[in-house]
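Below is one structure, written out as structure tokens, with a few remarks after it.
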Amino acid sequence: MWGGRFAEGPSAIMREINASIPFDKALWRQDIAASCAHVRMLAACGIVSDADAAAILHGLEQIAGEYEANGVPENWDLEDIHMTTESRLAELIGPAAGRLHTARSRNDQVATDFRLWVRDAIDQADAGLKALQGALLAQAGTHAASIMPGFTHLQTAQPVTLGHHLMAYYEMIRRDRSRFADARRRLNVSPLGSAALAGTGFPIDRQMTAAALGFDAPMRNSLDGVSDRDFALDYLQAAAQCSLHLSRLAEEFVIWASQPFGFVRMADSLSTGSSIMPQKKNPDAAELVRGHAGRIVGCLTSLMVTMKGLPLAYSKDMQDDKPPVFEAANLLGLSIAAMTGMVEGSTFRTERMRQAAELGYATATDLADWLVRQANIPFREAHHITGAAVKLAESRGLALVELPLADLQAIDARIDERVFAALSVEASVAARASYGGTAPDQVRARVAEALAELEGG
Ligand code: ARG
């Protein structure tokens, strides 16, 4: 394709280090779509004849069928997907194939193909995340009033509802979707027609190819067109942040599924056994989601470091942009699907969760709040009195609500029998009815809003 000025061919190592076809063959659909748009424009602008354009379009259609049926052939001499397709086109239709590359360079070609690919990856991530949100909402609605311990420092803090806990993840995924949507908006401009770096002398119509490929507009600067990879970094940034959220949810499942917690029975279909310990049911899928997040962050780091300090316009370093994006997209898709299945397929052991909330003195704050409200005691003093009550209950192996009134009154005489109504875990969550709080009515209201939101998009 470029041998004119060379006296000898590339060495074996040159061929090998240069070949991107092993991974960029994933761009074949986008490459053919962009070539079709380009050649239609060339014909419309009178740059190639209608007959040549028709032959090229016909040939490209045939190649798409071949790739679909047999995969993309990997010949290192042809370097990449662009040359692979063009050389097959030449075999099929002869010299007219050479007209396809008029007013185009592989630099704007690959930038266009890759943008189209990332745009599809964003749409796939969004669809997967929407399904995960649906699964979270379904469980949150079922468990709007199921009580569990809420934690800080992974120590029992205050009772919350499982629905409230799951809705926290709904909110994280909501932000992830908005980050992907934001990345998509910025991505959706066309580099095609930037040519090698400076634009082209042919009278092309960049608006036409942009519109044909679903872009909002052509990019305004040809140097930027061929050298910008912000769209891939934006995607990886959104993917990395999303994977952090998924890894936190995964980690909660790992903890909840452990025997000492026993909060959840995970679906057999997303668990594995042990080859030596027959009793085991391991949360491997959750652990892998936790692990994949590290790899996805690595993909982001990889591309950032590739792009750092690159002079304008195209440099071959940029061929290395694709593997981290492809890898992140694969890992993210698996992670989203695994977490959706985990949320849908898990059985929550609500009685154990409730007991754990009771055992951990989760309503101690409610006792302190009661002392403030009913006995007009300053909060710091109430905190101290409550600490003494917890100490006593702990020494007797009782829950706060099980302490005899006489013992509570021995700690502070201002306590009376009305206190017991405030010390149950049910009363505790019901009391937290501030907007966004864990009270079951609040959770139900947020779930209803979220359901309407999800239906709208
Ligand atoms: N395979 C190359 C890539 O992915 C295509 C662009 C090649 N451009 C060039 N000037 N050699 O980046």
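Computed from a predicted model, the values in this text were never measured in an experiment. Remember, it's 1-based here, ligands and their atoms both numbered in the order they're listed. For the single chain, residues carry numbers from 1 onward in sequence order. Both backbone and side-chain heavy atoms feed into the values below; hydrogens, waters and symmetry mates do not.
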Worksheet entry | ligand 1 to His82 polar contact by distance, N or O atoms, under 3.5 Å | no
Discussion item. Looking at every non-hydrogen atom in both residues, tell me the closest pair between Val110 and Arg229 and how far apart they are.
Written reply: CG1-NH2, 3.9 Å
Worksheet item: Among protein heavy atoms, which lies nearest atom 4 (O) of ligand 1, and at what distance?
Response: Lys322 NZ, 2.8 Å
Practice prompt. For the residue pair Phe263 and Phe261, categorise the inter-ring angle as parallel (less than 30°), tilted (30 to 60°) or perpendicular (more than 60°).
Written response: perpendicular
Worksheet entry | Cys242 side chain reached by Leu332 side chain, heavy atoms, under 4.5 Å | yes
Worksheet item: Does some non-hydrogen atom of Glu79 fall short of 4.0 Å from ligand 1?
Response: no
Practice prompt. Please work out which of the three classes, parallel, tilted or perpendicular, describes the rings of Phe253 and Phe348, given edges at 30° and 60°.
Written response: tilted
Item to complete: Can you sort out the partners of Asp31 under side chain to side chain donor-acceptor pair (under 3.5 Å), two or more places apart, ordered by chain and number?
Response: His82, Gln109
Worksheet item: Of the choices Asp80, Asp24, Asn107, Asp108, which has the non-hydrogen atom that lies closest to atom 5 (C) of ligand 1?
Response: Asp80
Worksheet entry | Atoms of ligand 1 close to Ser20 [distance to a heavy atom under 4.0 angstrom, numbered from 1] | 1 (N)
Discussion item. Which residue and atom name correspond to the protein heavy atom nearest atom 6 (C) of ligand 1, and how close is it?
Written reply: Tyr314 OH, 3.5 Å
Fill in: Region of Gln109 engaging ligand 1 - heavy atom pairs below 4.0 Å
neither
Discussion item. Among all the protein's non-hydrogen atoms, which is closest to atom 2 (C) of ligand 1, and how far away is it?
Written reply: Gln319 OE1, 3.1 Å
Practice prompt. State, with a plain yes or no, whether a side-chain heavy atom of Leu300 is found less than 4.5 Å away from one of Tyr235.
Written response: no
